[in-house]
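Computation of the quantities below employed the complete heavy-atom set of this structure, encompassing side-chain atoms and omitting hydrogens, waters and symmetry-equivalent molecules. Note that the coordinates shown come from a computational prediction; the quantities given were computed from them, not determined experimentally.
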2 protein chains.
Amino acid sequence: MAQMGRPRAFDRQQAIEQAMHLFWEQGYETTSLSQLKTQIGGGISAPSFYAAFGSKEALFKEAVQCYLESYARVTDALWDDEIAPREAVELTLRRSTKMQCESGHPKGCMVALGTMSAPKHEHAHVTKPLAVSRARTHAGFVRCVERGIAMGELAEGTDAQAMGTAFSSFLLGVSISARDGVKISVFNTSITELMKLWDAASNER
Amino acid sequence: MAQMGRPRAFDRQQAIEQAMHLFWEQGYETTSLSQLKTQIGGGISAPSFYAAFGSKEALFKEAVQCYLESYARVTDALWDDEIAPREAVELTLRRSTKMQCESGHPKGCMVALGTMSAPKHEHAHVTKPLAVSRARTHAGFVRCVERGIAMGELAEGTDAQAMGTAFSSFLLGVSISARDGVKISVFNTSITELMKLWDAASNER
DNA sequence: AAACATATGTATCGATCGGTATAAATATGC
DNA sequence: GCATATTTATACCGATCGATACATATGTTT
């Protein structure tokens, strides 16, 4: 049987994406219900909102999930063993930076900026998936350096934690710089610089 | 003549510092008046608050100024021509990172995290001094690289903008990483790595 | 002492916060 | 047609938002 009852007047998935843009731009606590209601589906009522999503927090969770399954996948290369580790790192840096500078959505990365999305202690649990994602990406960079060492591409004494943190923190900083208007072309030359960290630890120079 | 009227029951400068800690931790929009009133001077009333500071926005401005004149000065070396440019860069990275990981105040840098302090367009002007400070620090890194080139320490073809952005974005990212609990010892090894970018462009290897 | 200046406590302002109760509107299943 | 299921619109909830009126307390100046 098909759906019973009166059909919803707005597209639910599209609504989640519009909410994601708002949360991405302003964070969880700063984004108000009235803002969400105004933006979603060209304007919906409070009962429609709660019938569809349950609560502001529940919608945020869906918006985060939506982000993690789409935009956040620019870091997937870090876990792809079919890609050479150096290339995986560079690809991730360039893909993420490109995404963060794209037009059509807020600048920066929702995961990185999520640090200040719900700064109040009482709301900290809401942004947990974002913190998990940050930890995962950081671990991904470290893992690639470790792969480089294991493959004999990087010197034995290379500090994977140190180099991984350098890549990771740089990428987190891109979110702030991108909001400040730094252009993708500058980031790209900067990434070319940053990759010299890898080459400096390389065995084949 | 001394001050007339009933004397204030709390220390105004200390109040600004307490407010600075709150704004640093949570941002401008997320920090509420009631939170500020509760924390300041062990609890003050609304009229006392407004008599002393004028408004939430005015207090934020003072808190930002207080931060810029104290904690933010960890980047001063970038503009000190008596310090060799490479040392100025490394000193700034280590000093700022150390400060951001210190206990006794919120983790991270108020200037960096200020990007999400007042994300609503209507409040953007409030965080302008923080944006100016970020631009200044970025320019300071670029300037040090340019000094390195001018002094013949770095190769002629070195891209100052690219390397400066690498240092700058890394340092911005430290604010987010520090909030995630990354330890100062890790950052320090990471900075040692990062400085190899300078050495890779150096003439005397 | 009186006059004045400033800070404080209580009580409250209109606006907005996240969230709901109620009932009318619109679909499907029989 | 009629019962059922779901969404809609209107109106409203108590709590909190940033900010203020008013009277009282506490100091200096004269």
Side-chain angles (χ1 to χ4, degrees), chain A residues 1-16 18-19 22-23 26-64 117-127, chain B residues 1-16 18-19 22-23 26-64 117-127:
Chain A
M1 63 173 176
Q3 57 183 11
M4 286 182 63
R6 180 170 173 174
R8 181 173 284 126
F10 61 94
D11 186 293
R12 194 175 184 281
Q13 184 55 35
Q14 191 176 329
I16 291 172
Q18 289 165 323
L22 269 175
F23 286 130
Q26 302 182 336
Y28 173 72
E29 292 187 46
T30 307
T31 303
S32 70
L33 249 297
S34 58
Q35 273 188 302
L36 289 163
K37 290 185 302 182
T38 302
Q39 293 283 348
I40 287 176
I44 65 172
S45 67
S48 295
F49 179 91
Y50 285 95
F53 308 112
S55 69
K56 178 184 175 182
E57 180 176 336
L59 175 57
F60 182 76
K61 282 182 182 171
E62 290 202 61
V64 165
S117 189
K120 284 211 171 90
H121 184 66
E122 44 183 316
H123 295 144
H125 66 282
V126 174
T127 53
Chain B
M1 61 172 175
Q3 56 184 11
M4 285 181 65
R6 180 172 174 172
R8 181 173 285 125
F10 60 94
D11 186 293
R12 195 176 184 281
Q13 183 57 35
Q14 190 177 328
I16 291 173
Q18 289 165 324
L22 269 176
F23 286 131
Q26 303 183 335
Y28 173 72
E29 292 186 46
T30 306
T31 303
S32 70
L33 248 298
S34 58
Q35 273 189 302
L36 289 163
K37 289 186 301 180
T38 301
Q39 293 283 348
I40 287 176
I44 65 173
S45 68
S48 294
F49 178 92
Y50 284 95
F53 308 112
S55 69
K56 179 185 175 182
E57 179 177 337
L59 174 57
F60 183 76
K61 282 182 182 170
E62 290 201 62
V64 165
S117 188
K120 283 213 171 91
H121 185 67
E122 45 184 315
H123 294 143
H125 67 281
V126 175
T127 53

For A:I40 and D:dT7, what is the distance between atoms CD1 and P respectively, to the nearest whole Å?
-> 15 Å
For A:P47, answer base if it contacts any base atom (sugar-phosphate contacts may also be present), sugar-phosphate if it contacts only those atoms, and nothing otherwise; contact means non-hydrogen atoms under 4.0 Å.
-> base
Taking only N and O in the side chain of B:S45, is any of them less than 4.0 Å away from OP1 or OP2 of C:dT10?
-> no
Where A:A15 and A:F53 come nearest, the two heavy atoms and their spacing | CB-CZ, 3.7 Å
Would you indicate, yes or no, if D:dA19 has its OP1 or OP2 atom less than 4.0 angstrom from a side-chain nitrogen or oxygen of B:Y50?
-> yes
Calculate the interatomic distance between A:L59 atom CG and C:dG18 atom P; express it in whole Å.
-> 12 Å
Please tell me which of A:F49 and A:G5 maps to the more 5' nucleotide of DNA chain D, matching each residue to the nucleotide holding its nearest heavy atom.
-> A:G5
Grab the CZ-P distance between A:R8 and C:dT28 for me, whole Å please.
-> 15 Å
Between CZ on residue A:F23 and CG on residue A:L36, distance to nearest 0.5 Å = 4.5 Å
Nearest-nucleotide pick for A:S32, side chain only, options being C:dC17, D:dC17, C:dT28 | C:dC17
For D:dG18, does OP1 or OP2 lie under 4.0 Å from any side-chain N or O of B:S34?
-> no
First of A:K37 and B:P7 reached from the 5' end of DNA chain C, by closest nucleotide = B:P7
Would you indicate which nucleotide in C:dT8, D:dA9, D:dA19 comes nearest to any side-chain atom of A:S48?
-> D:dA9
Given that B:E29 and B:R6 both sit by DNA chain D, which one's nearest nucleotide is further toward the 5' end?
-> B:E29
Rounded distance (Å) that lies between atom C1' of C:dG18 and atom CZ of A:F53 | 16 Å
Could you tell me which non-hydrogen atom of B:L22 sits nearest to which non-hydrogen atom of B:T31, and how far apart they are?
-> O-OG1, 3.5 Å
Min side-chain heavy-atom separation A:E29-B:Q26 under 4.5 Å | no
Taking atom C1' of D:dT16 as reference, at what distance in whole Å does atom NZ of B:K56 sit?
-> 12 Å
C:dA5, C:dG18, C:dT20: which one has an atom nearest the side-chain heavy atoms of A:A46?
-> C:dT20
Value in whole Å for how far the P atom of C:dG18 lies from CD1 of A:I44 | 14 Å
Sugar-phosphate, base or nothing in reach of B:T30, heavy atoms under 4.0 Å | nothing
Of the candidates C:dA5, D:dT26, D:dG18, the side chain of B:M4 sits closest to C:dA5
Pick base, sugar-phosphate or nothing for B:A52, based on heavy-atom distances below 4.0 Å to the nucleic acid.
-> nothing
note: B:Q35, atom CD; D:dG18, atom C1'; distance rounded to Å ~ 14 Å
Do you know which two heavy atoms are closest between B:A118 and B:H123, and how far apart they sit?
-> CB-O, 3.7 Å
Hey, could you give me the CD/CZ distance between B:E62 and B:R12, rounded to the nearest 0.5 Å?
-> 4.0 Å
Between CZ of B:F10 and P of C:dT6 the distance, given in whole Å, is 15 Å
